[in-house]
Amino acid sequence: MAMNDSGMRRFERAIGFSLLRDARFKREAAMIAPYLDAEFYLENNADVAEAGIEASLHYAKFGWREGRDPSPSFSTKGYLSAHPKVALKGANPLLHFIQSGRQACESVPTDREAPSEDEVALVEEHVDTAFYCATYPDHAQTGLTPAQHFCRFGWREGADPAPDFSTSYYLTTNPDVRECGVNPFWHYLVTGRNEGRLPVHPGGWRHTVLSAQTTFEAYCDSWLRTDVPGEVLDADDVADRLDAGRLNEKLVISIGHDDYRATPGGVQLCIGMEERHAARQKIDYLNLHPWQPLPKFADAGSDPLLVPVLNGREMEPSPASVIVAALERIGLRPGAADLVIHHLAGHAPEAVAEMAECLGIDRARLWLHDYFTLCTSYALQRNNVSQCDAPEPGSNACRICLFGAERERQAGRMAALFDRLDIEVISPSRVALEFWRARTALRTVGEVVQPHMRLSASDAPGDCAARDDAPVRIAFIGTAAPHKGWPVFRELRHRLQAEPGYEFWYFGSADPGLEGVRHVETHVEAADPDSVLRAIASHEIDLVLHWASWRETFSFSTFEALGGGAYVLTHTGSGNVAAVVAEEGRGAVLADTYALFDLAKAGGLRTLAAKARRARSSAAITARFSNMTFDLIDAEGAE
Amino acid sequence: MTVHAFTSFSYSYLNRARVLADGLRRAHPDWVLWAVVTDAPPEDVGIDLAEDGYTHTLFAEDLIGDGAEAWLFGHDVVEACTAVKGAASRRIMDQAGCEKLLYFDPDIAVFNRLDEVLDLLETADIVLTPHQITPEPREARQAIVDNEITSLSHGAYNLGFIALANRGEGRRFAEWWDDRLRDWCHDRRDIGVFVDQKWCDLVPCFFDNVHIHRDPGCNVASWNVSHRRVTIEADGQVLVNGQPLKFFHFTKLGPVGDTMTQRYARDNTEVYELWSWYRNAVEAATDTRIPDGYWHYGVFDDGTPIPRDVRRLYRERKDLRAAFARPRTVADGFFGWLATETDLMKGRA
């Protein structure tokens with residue numbers, strides 16, 4: 001409302017000084033204006049109306065001091081009596097109400113049985129229903145929608161309404177909201193986001209990992225089993241059991257880091273497939289894995305319990321020294337045994353060396369499934385959050401890394417193993433071998449590349465040419481974990497969800513619970529290693545995002561994607577993923593996530609999908625598994 | 001050339017001082033390290049700082065001499081550990097062969113050699129690092145308040161670090177510093193004083209050969225991380241705006257530091273990695289025999305905490321200082337005087 005000159009002068013005379021000279025009150029007036037009901041104010045304060053002064057300016061300068069109310073829903077006296085500190089400071093109560101976010105807090109009913117309809121409606125618009133249902137499945141029993149449940153119970157129980165809003169973080173970092181006892185998500189939507197308050201820690205999942213991390217020792221403790229091993233056998237008993245289980249002349253001893261039959265993963269798949277191949281070739285296959293898996297070597301001087309699995313049959317665990325003694329007693333013919341080291345975590349490398357020496361194995365084979373031979377962090381993940389390149393052990397990066405000190409301890413024992421045994425290193429990819437060789441001085445007697453899978457032109461080009469206008473199908477394969485690139489997939493879906501013509505798919509064992517992502521349950525096992533490849537093909541997936549945060553040494557999922565007819569999106573730091581995509585020309589190798597999102601925004605994913613579809617129909621490729629170490633053993637035997 | 005470096009702390013910060021010494025030893029194994037301790041260990045607790053890498057240890061009593069108890073009584077722990085810095089500088093500069101002297105707060109961690117600073121001391125006598133070296137943009141009001149306005153009230157230069165050449169202006173500065181800190185090392189922002197830091201705003205006015213070192217790799221902290229991007233390179237080096245990280249000031253380890261760090265480091269994950277490492281390194285270096293918040297001079301000798309108002313009263317009343325030369329010692333009478341003549345100990349004794 002404007003004030004005419006005579007009105008202003010009359011008012012100024014009444015109050016004794018010029019109102020408009022005071023800039024502070026003008027600023028205050030502007031800030032409270034949206035919250036002040038001018039019509040109500042002037043109707044109830046005839047003197048102000050008569051003077052022709054703007055309602056908000058009057059309230060800022062005099063009104064609140066005189067106990068006048070700015071709107072029917074705000075009691076000046078009531079607010080000041082409820083907030084004595086505000087009264088004591090001589091602060092404008094309406095301004096305080098606005099600035100402290102209390103307009104959000106105090107207009108919300110605190111009765112947990114009845115959140116307001118407005119509150120639920122707003123939360124309804126922003127809650128991630130699929131995420132909420134997957135994360136808090138019990139809520140369904142209440143008969144409430146996710147938004148209703150969150151508003152009534154969820155936030156009080158610490159539930160998050162969406163992956164990008166952390167209830168506990170918001171309440172911890174905003175004590176004023178916590179003190180109000182208000183629904184934090186609703187507060188954020190109504191006012192918090194406009195005030196620059198953060199919905200989640202800006203460090204994201206990495207900060208979550210870091211804040212929970214203490215010492216490497218504590219990290220190892222988190223791996224410890226809670227049960228105890230059963231009967232431990234002596235060397236004679238172990239030798240008897242080995243003899244009883246042996247079927248063939250030749251024996252391959254494979255060293256693994258966990259129970260390959262129970263744990264999904266690439267290394268485990270390799271061991272499982274070797275075991276099956278050995279059976280076909282009439283070769284005994286003895287896997288030795290630690291009863292207690294560890295993210296490091298077994299302690300120096302320890303005698304770790306190993307679980308022998310002979311031709312698929314598990315035996316009682318025994319100390320490594322006992323197994324070495326037993327293997328000595330079974331009287332293997334010289335040259336009848338081969339030693340294949342798939343992984344050394346949880347083992348004492350000294351015992352592995354002793355085993356090879358006792359059995360007269362003059363050349364052991366060691367796989368570079370990952371970079372455990374370079375660093376305790378086998379995937380070279382500094383502090384479990386950032387990709388690193390295995391720098392010098394004394395570097396600052398190693399100094400601040402959870403694995404730094406253990407890496408130095410491990411390096412000496414690893415070098416001793418490589419010095420003691422003649423080891424041939426087998427890398428599943430050229431790129432992994434070159435990276436490894438550039439970062440280690442470990443002595444080897446040979447270094448070969450033996451891919452787990454090979455791509456070749458298909459005998460029968462596909463007949464599944466999709467229509468060009470069909471939605472682009474983008475998939476993620478495997479564990480929905482940060483180091484596999486799941487957050488990038490989620491972000492890509494988020495950015496494209498408003499655009500028509502995209503579908504998002506997930507291929508893995510458990511539903512990741514992300515709205516708009518279709519889940520196809522897949523399990524990888526040695527008995528049916530092609531299952532994922534077939535699923536990709538049958539669902540006509542166009543693009544697979546493989547944004548792993550480490551230098552993959554091989555990447556089954558990349559081969560499964562390509563073999564299934566999809567193109568692969570990856571980044572330059574993904575090791576063999578990037579190498580294979582570049583070599584095959586099926587997909588895109590991008591510099592970073594900015595490049596990915598730019599490509600998506602520019603419609604580049606549609607172009608790539610179209611290429612993938614054309615390739616499926618005209619120049620399909622197939623992916624075939626190798627026989628892992630046996631391709632080398634068999635070749636040696638043939639010589 | 002002999003370079004000396006020192007830090008000043010009470011035993012509550014022993015863990016941090018150990019982390020500092022470790023970094024200094026890695027970067028400069030040839031330096032002579034001094035621990036200046038304004039504290040006495042808990043009964044039956046032996047602490048040998050030589051085991052932590054410190055070549056020498058100086059105690060406040062060594063520096064202040066007679067009257068140390070009365071003088072320390074006028075200071076809280078932060079004021080006291082700061083107030084001895086000037087006297088310690090003078091003492092160390094008097095050591096034969098000491099050519100350069102650097103001070104580090106105990107909550108600093110050193111990551112790389114400080115050769116550039118040593119080179120600067122070939123020509124400059126005093127090297128200071130500002131809290132901020134890049135202005136906040138006009139629209140960043142919160143950052144202006146948190147960073148620049150705080151510098152206006154607490155001092156432009158961070159006195160968690162200073163480097164001095166043991167000659168001319170360097171020595172003259174140490175004398176002036178000691179003079180001021182003997183009488184005026186208090187948190188009195190109401191009169192424009194904040195321990196030693198606000199005083200040092202005057203250094204460029206009073207002294208020649210002062211170098212304001214604007215290396216983004218020096219004194220990285222929550223108050224400047226809004227303009228410093230930390231990266232960790234493939235070779236394992238930690239860079240700040242492309243320069244090697246020399247030292248990071250891990251001020252306010254805990255929720256307050258966390259809040260400011262996330263406000264300004266945002267998605268710079270490497271900053272959180274540094275903090276995570278520091279938190280765990282400090283934890284590992286903690287001597288569990290030292291109780292939380294321990295400070296020998298924080299309590300009367302019967303264990304009663306000394307209120308801040310009591311310290312202030314004592315240091316401002318010449319008659320009290322004259323009457324009670326050993327105010328911390330209950331048997332000396334000041335404690336009794338407080339109980340009968342004031343309300344300051346009400347409910348506390």
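We name chains A, B, ... by the order of the sequence lines, and we start the count at 1 in each one. Side-chain atoms are counted along with the backbone in the values below, which use heavy atoms only and exclude waters and symmetry mates.
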Item to complete: Against chain A, label B:Glu233 side chain, backbone, both or neither, depending on which of its atoms sit under 4.5 Å from a heavy atom there.
Response: neither
Worksheet item: In terms of heavy-atom proximity below 4.5 Å to chain A, should B:Arg263 be classed as side chain, backbone, both, or neither?
Response: neither
Any side-chain heavy atom of [X] within less than 4.5 Å of one from [Y]?
X        : Y        : answer
A:His207 : B:Gln262 : no
A:Asn396 : B:Gln237 : yes
A:Ile400 : B:Phe111 : yes
B:Arg266 : A:Leu198 : yes
B:Val238 : A:Arg399 : no

Worksheet item: Do the side chain of B:Asn280 and the main chain of A:Thr214 share a donor and acceptor less than 3.5 angstrom apart?
Response: yes
Just wondering, are more than 12 heavy atoms of other shown residues or ligands nearer than 6.0 Å to [atom1] in [X]?
X        : atom1 : result
B:Asp190 : CG    : yes
A:Glu392 : CD    : no
A:Arg178 : CZ    : yes
B:Arg289 : CZ    : yes
B:Tyr278 : OH    : yes

Which heavy atom in [X] sits nearest to a heavy atom in [Y], and how many Å separate them?
X        : Y        : value
A:Gly203 : B:Tyr272 : CA-CE1, 3.7 Å
B:Arg279 : A:Gln213 : NH2-O, 3.0 Å
A:Ser395 : B:Asp235 : CB-O, 3.9 Å

Worksheet entry | Pairs of heavy atoms under 4.5 Å with chain B: top-ranked of A:Ser211, A:Gly394, A:Cys398, A:Cys388 | A:Ser211
Worksheet entry | Heavy-atom pair count under 4.5 Å with chain B, highest-scoring of A:Leu210, A:Thr173, A:Thr172, A:Asn383 |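 The candidate making the most pairs under 4.5 Å is A:Leu210.
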Worksheet entry | Separation of A:Arg382 CZ from B:Thr269 OG1 (nearest 0.5 Å) |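 B:Thr269 atom OG1 to A:Arg382 atom CZ measures 9.5 Å (nearest 0.5 Å).
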